[in-house]
Amino acid sequence: MASDFVSDFRRRVAENKKSRWIRFGIVSLIFFLWVAWLGSWWVAIFWFLLFDIYITGYIPFTWWKKSKNAAVRGVMSWVDAIVYALILVYFVFTFVGQNYQIPSSSLEKSLLVGDYLWVNKMAYGPRVPITPVHFPLVQNTFPIINTKSYLETPQWKYHRLAGLGKVERNDIVVFNFPAGDTVALKVQNPDYYTLVKMYGKNAIHNNPQTFGEVIYRPVDRRENYVKRAVGLPGERLKIVDGVIYINGEALEQPENVQFNYYFQLRQGRMGEADWDELGISADDRHEVPVSPQDIPGLKSLGFVVNEDGSVPAVYVAPLTPAMVKALESNPAVAKVMKMPAPQGDMLYPDGVADSWTRADYGEIWIPAKGSKLRLSPQAWKIYGRVIRDYEGNHDAELKDGVVYIGGKPVDVYTFKMDYYFMMGDNRDNSLDSRYWGFVPEDHIVGRPEKVLISFDKDRSLFNGGIRWNRVFRDANPDKK
């Protein structure tokens, strides 16, 4: 019996042509280089599968080629091609890069709504899948049928392969939304934690007809966000009048940074051509309603009020410094004024940021791997979610002014990961770290490199709907 197997094995090996052995050798070399990159040599056991596919053929992967039924051969040839394509896409999207769409205006004018980006996952090192069994072409939900596109088990520990560098200041970064770990399926904007602040946890969980089922999502299946890294691990961040300070030193503002401004024409109204010339998208064009009670306040601020009591149209829109300069130099514009940041904006962290605004924020320390934090009730308010949810200490709690982890009191905590503070360039229209906190390193996906193509949703496809001037454009033009 054993001799029959040995004879059959030798026959199968000997029947392979030289060209087949060369292909197998190339594939084996690539495979072992990949295993070395992974740093998990147990994966090398799958080489025997490659050996069978290319050389011995004991597993009948291509059984259908010998079928006498033409329909079976035709259908299975398509299935075979699709499976191979999906496997290739899975590996490319996991270890090399992936395309992503910009859904919001938080990084205008650097990145526009409708930009499709190529995101380089090798820039910071590709993340080994935490949820390995998932469909490669969707993030977490199959469209139309609205079911999960992944299996929750198995779950692998976070591990990142060697990359080309680390996250640097002012990098535009794609990452998984940290507050997307828990989701109310019917209301995903605002996020679950904001909904809890607004309505209370019981209201969310007891009203599935309004909010939908509340589910947990693994790290790599959470929604993808894109923001600019402004604060790095171990740094202290503060914002004063919209200017970011790191360790007490002001950062230079990106060229395309935007803030909301009021502006008023002397007469007439803004037409579509005027908005287009100024470079403001349709979603950001807002006219401010004015009531008789507002007139004294408008006068005191220097806005024009006609003798008959009428008020020329007042608008509010996000503007770059260049756009502000253009409006201020336009004789048709009566007034340009920066919009004050509102109080009570539900900023992070709860109970600490109550008196902060999005324009005057902090000071806050960003955790770094290996750094130690002396625990106190105040520290728990800022870093409790980080310690409990991001660092895996799910039983951590504050009780009677003392932090307990694993049922034991702890007065000093050592962080396991690096963290980042991410913000959008459209500062007054960006839900970023000021609202939901730090981005853990295990949430980092990659760095956008190029705009593949860009679609303007406010225009038809044949009337400027494709922004040809953005094709293959640098995805981070403001990096300094």
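All values below come from the heavy atoms of this structure, side chains included, with hydrogens, waters and symmetry mates left out.
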Residue pair [X] / [Y], side-chain donor-acceptor N/O under 3.5 Å:
X      : Y      : value
Gln155 : Thr131 : yes
Ser67  : Asn69  : no
Asp52  : Thr56  : yes
Asp395 : Tyr404 : no
Asp191 : Thr194 : yes
Asn140 : Glu223 : yes
Arg236 : Tyr245 : no

Inter-residue atom distance [X].[atom1] - [Y].[atom2], 0.5 Å rounding:
X      : Y      : atom1 : atom2 : result
Ser19  : Ile22  : OG    : CD1   : 6.5 Å
Tyr100 : Gln139 : OH    : CD    : 6.0 Å
Phe455 : Ile453 : CZ    : CD1   : 4.0 Å
Asp284 : Asp428 : CG    : CG    : 11.0 Å
Arg427 : Arg358 : CZ    : CZ    : 12.0 Å

When you check the gap from the basic side-chain N to the acidic O, do [X] and [Y] get nearer than 4.0 Å?
X      : Y      : answer
Arg447 : Glu449 : yes
Arg459 : Asp276 : yes
Asp425 : Lys227 : no
Arg467 : Asp456 : yes
Lys381 : Asp350 : no
Arg127 : Glu441 : no
Arg385 : Asp181 : yes
Lys369 : Asp418 : no

Hey, would you say the [X] and [Y] ring centroids sit under 6.0 Å apart?
X      : Y      : value
Tyr420 : His443 : no
Phe211 : Tyr199 : yes
Tyr413 : Phe415 : yes

Polar side-chain atom of [X] near backbone of [Y] as donor-acceptor pair, under 3.5 Å:
X      : Y      : answer
Asn429 : Asn426 : no
Arg470 : Ser454 : no
Glu235 : Leu232 : yes
Arg222 : Arg217 : yes
Ser433 : Met422 : yes

Check whether any side-chain heavy atom of [X] lies under 4.5 Å from a side-chain heavy atom of [Y], and answer yes or no.
X      : Y      : result
Arg228 : Asn170 : yes
Asp411 : Leu375 : no
Met76  : Lys65  : no
Gln253 : Val243 : yes
Met323 : Ile280 : yes
Phe95  : Lys121 : no
Pro178 : Pro440 : yes
Asn99  : Leu452 : yes

Shortest non-hydrogen contact from [X] to [Y]?
X      : Y      : result
Gly242 : Phe259 : O-CZ, 3.7 Å
Val439 : Phe175 : CG2-CE1, 3.8 Å
Pro448 : Val174 : CG-CG2, 3.9 Å
Ser371 : Pro367 : OG-C, 4.3 Å
Asp220 : Asn176 : CA-OD1, 3.6 Å

Parallel, tilted or perpendicular: ring planes of [X] versus [Y], cut at 30 and 60 degrees:
X      : Y      : value
Phe91  : Trp34  : perpendicular
Phe24  : Phe51  : perpendicular
Tyr361 : Phe421 : tilted

Determine, stepwise, if the pair Val113 / Asp283 fulfils side chain to side chain contact (heavy atoms under 4.5 Å, CB included). CA-CA 10 Å; Val113 175; Asp283 288 345; 5.8 Å; no

Residue of the set Trp365, Tyr390, Tyr419 for which ring pair (Phe, Tyr, Trp, His ring centres under 6.0 Å) holds with Tyr383: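 The residue from Trp365, Tyr390, Tyr419 that satisfies ring pair (Phe, Tyr, Trp, His ring centres under 6.0 Å) with Tyr383 turns out to be Trp365.
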
Which of these passes ring pair (Phe, Tyr, Trp, His ring centres under 6.0 Å) with Tyr348: Phe438, Tyr435, Trp436?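 Testing Tyr348 for a ring pair (Phe, Tyr, Trp, His ring centres under 6.0 Å) against Phe438, Tyr435, Trp436 leaves exactly one candidate, Phe438.
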
Tell me, yes or no, whether the heavy-atom count around Gln209 atom CD, taken from other residues, nucleotides or ligands under 6.0 Å, exceeds 12.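 Buried by this count: over 12 neighbours within 6.0 Å.
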
Before giving the answer on side chain to side chain contact (heavy atoms under 4.5 Å, CB included), spell out for Tyr124 and Asp171 the whole-Å C-alpha distance, their side-chain angles and the decisive distance to 0.1 Å. CA-CA 11 Å; Tyr124 311 126; Asp171 276 359; 2.8 Å; yes

